[in-house]
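In what follows, a structure is listed as structure tokens, so that the remarks can point back to it.
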There are 2 protein chains.
Amino acid sequence: MTTPAQGLHSHVLATLGLAITAGEYPPGTVLRTDELAQRFDVSRTVVREVVRVLESMHLVESRRRVGVTVLPTASWNVYDPQVIRWRLAGADRPRQLRSLTVLRSAVEPVAAGLAATHATPEQCRELTEHALGMVATSRGRRLEEYLVHDIAFHRVVLNASGNEMFARLGDVVAEVLTGRTHHHVMFEDPDPAAVTLHVQVAEAVRERDAARAEELTRQIAVGALQELDVLAP
Amino acid sequence: MTTPAQGLHSHVLATLGLAITAGEYPPGTVLRTDELAQRFDVSRTVVREVVRVLESMHLVESRRRVGVTVLPTASWNVYDPQVIRWRLAGADRPRQLRSLTVLRSAVEPVAAGLAATHATPEQCRELTEHALGMVATSRGRRLEEYLVHDIAFHRVVLNASGNEMFARLGDVVAEVLTGRTHHHVMFEDPDPAAVTLHVQVAEAVRERDAARAEELTRQIAVGALQELDVLAP
DNA sequence: TGTGACGTAAAAGTAGTACTTTTAATTCCC
DNA sequence: GGGAATTAAAAGTACTACTTTTACGTCACA
């Protein structure tokens with residue numbers, strides 16, 4: 001069982017993509033289109049379309065007379081949301097979670113700084129709302145509700161930065177936060193210090209204090225990294 | 001004339017991808033596969049494969065009975081190197097250059113800090129080598145040679161960070177630096193202050209001084225951003 | 001024995017056609 | 001006028017036939 005699979009293309013793509021990113025086919029493995037067609041019981045047409053997509057993600061390379069070769073991790077489009085999802089669902093989830101968290105620690109403080117100067121009143125309002133939401137749900141095992149606010153908070157910050165590259169990391173952050181919550185010891189409530197920091201970030205943005213927003217977000221990031229070290233040293 | 005075009009698929013993909021990212025088809029525009037097949041004088045098979053790839057980049061969306069709809073910029077996979085190249089080659093090159101530079105300013109300092117603790121002796125050597133190369137070519141209109149060292153330098157830093165997400169930004173940085181050089185007033189030599197900073201970063205990494213490497217790289221980034229403000233206010 | 005030209009076959013690439021499925025839009029009935 | 005049935009348009013899938021590239025093995029020649 002892999003994915004719902006409405007549409008043959010989606011199904012084959014999901015299956016193959018997941019298998020490759022999970023390392024089931026070591027780099028250099030050669031697949032042949034009609035072999036795949038047979039294996040999945042679909043036409044070569046469908047397989048070819050899938051291969052073209054995998055090729056655009058640089059997961060495989062297709063060469064005449066050779067076949068479809070699986071490429072090493074180093075050439076993968078690791079920023080492709082689809083690739084990220086596959087990897088988070090597969091074997092090297094911890095590694096992926098760590099590298100994404102490091103990326104966050106670089107990007108989010110800068111994004112917060114920019115948000116302080118660019119955020120619209122509406123965005124400021126949303127920020128405050130979600131920060132307060134986090135406070136409200138930070139105790140009593142309400143992790144799922146907390147997560148919703150946490151994700152929304154960070155998404156607003158990234159969007160408010162006014163930089164489209166940052167904005168597009170919203171989904172990535174959502175994945176990371178979700179992954180983290182669901183793999184935690186679910187007994188403990190979120191770190192109160194982190195909650196406070198979120199409230200303060202919202203404050204700083206509202207007050208147009210870029211330096212403070214950046215610094216506070218940096219502290220949140222440090223916390224996230226430390227947490228990761230404790231969980232997976 | 002758009003691209004060399006070895007292979008029908010590549011040609012159609014390049015043409016369509018470029019046109020869409022250049023905004024020639026406003027979001028919501030509907031294309032039909034057999035119309036495209038006719039226009040490019042290729043089979044529908046080829047067009048379908050191209051559409052599937054564009055779909056995986058979230059440039060378009062294909063729906064039955066409707067056709068292939070061009071999606072708004074907000075949904076594009078802006079981290080896809082191919083999309084980045086298309087956008088840099090097209091109309092909103094300045095915007096793209098700016099958002100990428102902001103991304104760099106967030107990522108590279110952190111990467112440099114990590115590099116200071118993770119760089120191998122070989123990487124330290126390369127770093128120093130390229131920094132000195134930059135010094136050597138920083139005067140006398142040797143911009144192309146300078147560029148090679150500049151790109152190599154930043155690539156080594158990103159790789160040495162040990163984070164695969166950072167490492168994969170090497171190509172992006174290369175594109176940005178190349179774009180900047182080629183669109184500058186080519187009369188002036190690179191900023192001497194920047195050159196010095198690169199040498200110092202190499203030094204800091206060699207001495208395992210993470211904080212200093214990070215701070216110095218941050219200064220390089222600030223310089224790049226200011227430069228951008230002067231050029232395209 | 002080594003080397004280079006050559007031929008072969010295997011696999012991807014392309015084309016075209018026939019058919020299925022979904023679904024927007026129109027029609028028609030109540 | 002609103003909702004159900006019909007229709008047709010476009011993508012999705014399959015299959016088959018053919019073209020092009022090219023890795024690999026063969027064989028001749030030095």
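When reading the values below, keep in mind they use all heavy atoms of this one structure, side chains included, and skip hydrogens, waters and symmetry mates. In what follows, chains are A, B, ... by sequence order, proteins preceding strands, each numbered from 1.
- In this structure, the ring-ring contact (aromatic ring centres under 6.0 Å, His included) partners of H149(B), at least two apart in sequence or on a different chain, are H130(B).
- Summarising the geometry, the separation between CZ on R52(B) and C1' on dT13(D) is reported as 10 Å, rounded to the nearest angstrom.
- Residue L8(B) contributes atom CG, which lies 15 Å from atom C1' of dG16(C) at whole-angstrom precision.
- Using modelled atom types, one side-chain atom of W76(A) and one backbone atom of L71(A) make a donor-acceptor pair closer than 3.5 Å.
- The backbone N or O of A167(B) lies less than 3.5 Å from no partner atom in the side chain of R155(B), so there is not a single donor-acceptor pair.
- With hydrogens and angles ignored, the 3.5 Å screen pairs a side-chain donor or acceptor of E55(A) with a backbone N or O of S62(A).
- Remark: side-chain polar atoms of R142(B) are not paired, donor with acceptor, to backbone N or O of T137(B) under 3.5 angstrom.
- Of all nucleotides listed (dG13(C), dT13(D), dA11(D)), dG13(C) comes nearest to the side chain of R64(A).
- Against DNA chain D, the stretch residues 40-49 of chain B makes heavy-atom approaches under 4.0 Å through R44(B), R48(B).
- The CZ-P distance, from R32(B) to dA8(D), rounds to 18 Å in whole Å.
- Distance, L31(B) CG to dA9(D) C1': 16 Å, rounded to whole Å.
- A residue-by-residue look at V66(A) and V66(B) shows that V66(A) has its nearest nucleotide of DNA chain C further toward the 5' end.
- Atoms CD (Q38(B)) and P (dT14(C)) sit 19 Å apart, rounded to a whole Å.
- Rounded to a whole Å, the CG atom of D34(A) is 9 Å from the C1' atom of dA12(C).
- Between the side chain of N77(B) and the backbone N or O of D80(B), no donor-acceptor pair lies under 3.5 Å.
- The base of dA25(C) has none of its N or O atoms less than 3.5 Å from a complementary donor or acceptor on the side chain of R65(B).
- Contact between the side-chain N/O atoms of T33(A) and the OP1/OP2 oxygens of dA11(C) is not found at any separation under 4.0 Å.
- In this structure, NE2 of H9(A) is placed 13 Å from P of dA14(D), rounded to the nearest angstrom.
- Separating the NE2 atom of H11(A) from the P atom of dG12(D) is a distance of 18 Å, rounded to the nearest angstrom.
- By the ring-ring contact (aromatic ring centres under 6.0 Å, His included) test, Y25(B) is found to be paired with no residue, residues two or more places apart in sequence or in another chain being considered.
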